[in-house]
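Notes to accompany the following structure.
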Amino acid sequence: MVEATEAFLSGTITLRDTVRVLEDSLDAAELKDRGLLQEFYRHWSPLEEHYAASVELGTPADSEPTRRSVEDLRDFLLRMSNRVRDSE
């Protein structure tokens, strides 16, 4: 998931592809921790809204607000990854 966010930020993949990868990864993860899932969606929802606006309204998919949402989600994912690593 982190890789998808970084690929978008570097211009390697589109917002559409980023969202698809993230959705597929989330489905595969089957998160059972309700608190973690709620926290994920707190970071995911703004990105999803930017994606919907780009599809429905034609707003730029690489706008600064979209990039900030992707960066926020990436940072959250990195924090979660570090927590898991530190707990092992």
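Every heavy atom of this structure was used, including side-chain atoms; hydrogens, water molecules and symmetry mates were not.
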### Query
Side chains of T66 and F8: does their closest heavy-atom pair fall under 4.5 Å?
yes

### Query
Is the shortest heavy-atom distance from the side chain of F40 to the side chain of L73 under 4.5 Å?
yes

### Message
Let's go through Q38 and R34 carefully: what are the C-alpha distance in whole Å and the side-chain angles of both, what is the deciding distance for side-chain contact (heavy atoms from CB on, under 4.5 Å) to 0.1 Å, and is it a yes or a no?
### Response
CA-CA 6 Å; Q38 287 175 332; R34 185 179 175 109; 3.7 Å; yes

### Task
For residues A4 and L22, report the shortest heavy-atom separation together with the two atoms involved.
CB-CD2, 4.4 Å

### Message
Treating T5 as the side-chain partner and V2 as the backbone partner, does any N or O pair qualify as donor plus acceptor under 3.5 Å?
### Response
yes

#### Entry: Any side-chain heavy-atom pair of H50 and R68 under 4.5 Å
no

### Message
Is it true that, when you exclude E56 itself, more than 12 heavy atoms of the residues, nucleotides or ligands shown sit nearer than 6.0 Å to its CD?
### Response
no

### Task
May I ask you to test the R79-H43 pair for a side-chain heavy-atom distance under 4.5 Å?
yes

#### Entry: Side-chain donor or acceptor of T59 paired with backbone N/O of A53 under 3.5 Å
yes

### Query
Has the side chain of R67 got a donor or acceptor atom that lies under 3.5 Å from a matching backbone atom of D62?
no

### Query
With hydrophobic residues grouped by side-chain heavy-atom distances under 4.5 Å, do V55 and V70 end up in a single group?
yes

### Task
Taking the side chain as every heavy atom from C-beta outward, state whether L47 and Y51 have any atom pair closer than 4.5 Å.
no

### Task
Please tell me if the side chains of R16 and R20 come closer than 4.5 Å, counting only heavy atoms from C-beta onward.
yes

### Query
Could you give the distance from CD (E71) to CD (E6), rounded to the nearest 0.5 Å?
10.5 Å

### Query
What residues, two or more places apart in sequence or in another chain, satisfy side chain to side chain contact (heavy atoms under 4.5 Å, CB included) together with A7?
T12, I13

### Query
If you measure from CD on E23 to OG1 on T18, what distance do you get to the nearest 0.5 Å?
11.0 Å

### Task
Look at the side-chain heavy atoms of Ile, Leu, Val, Met, Phe, Trp and Tyr, link any pair under 4.5 Å apart, and say whether V19 and L9 land in one connected group.
yes

### Connected via hydrophobic side-chain network under 4.5 Å: F76 and L15
yes

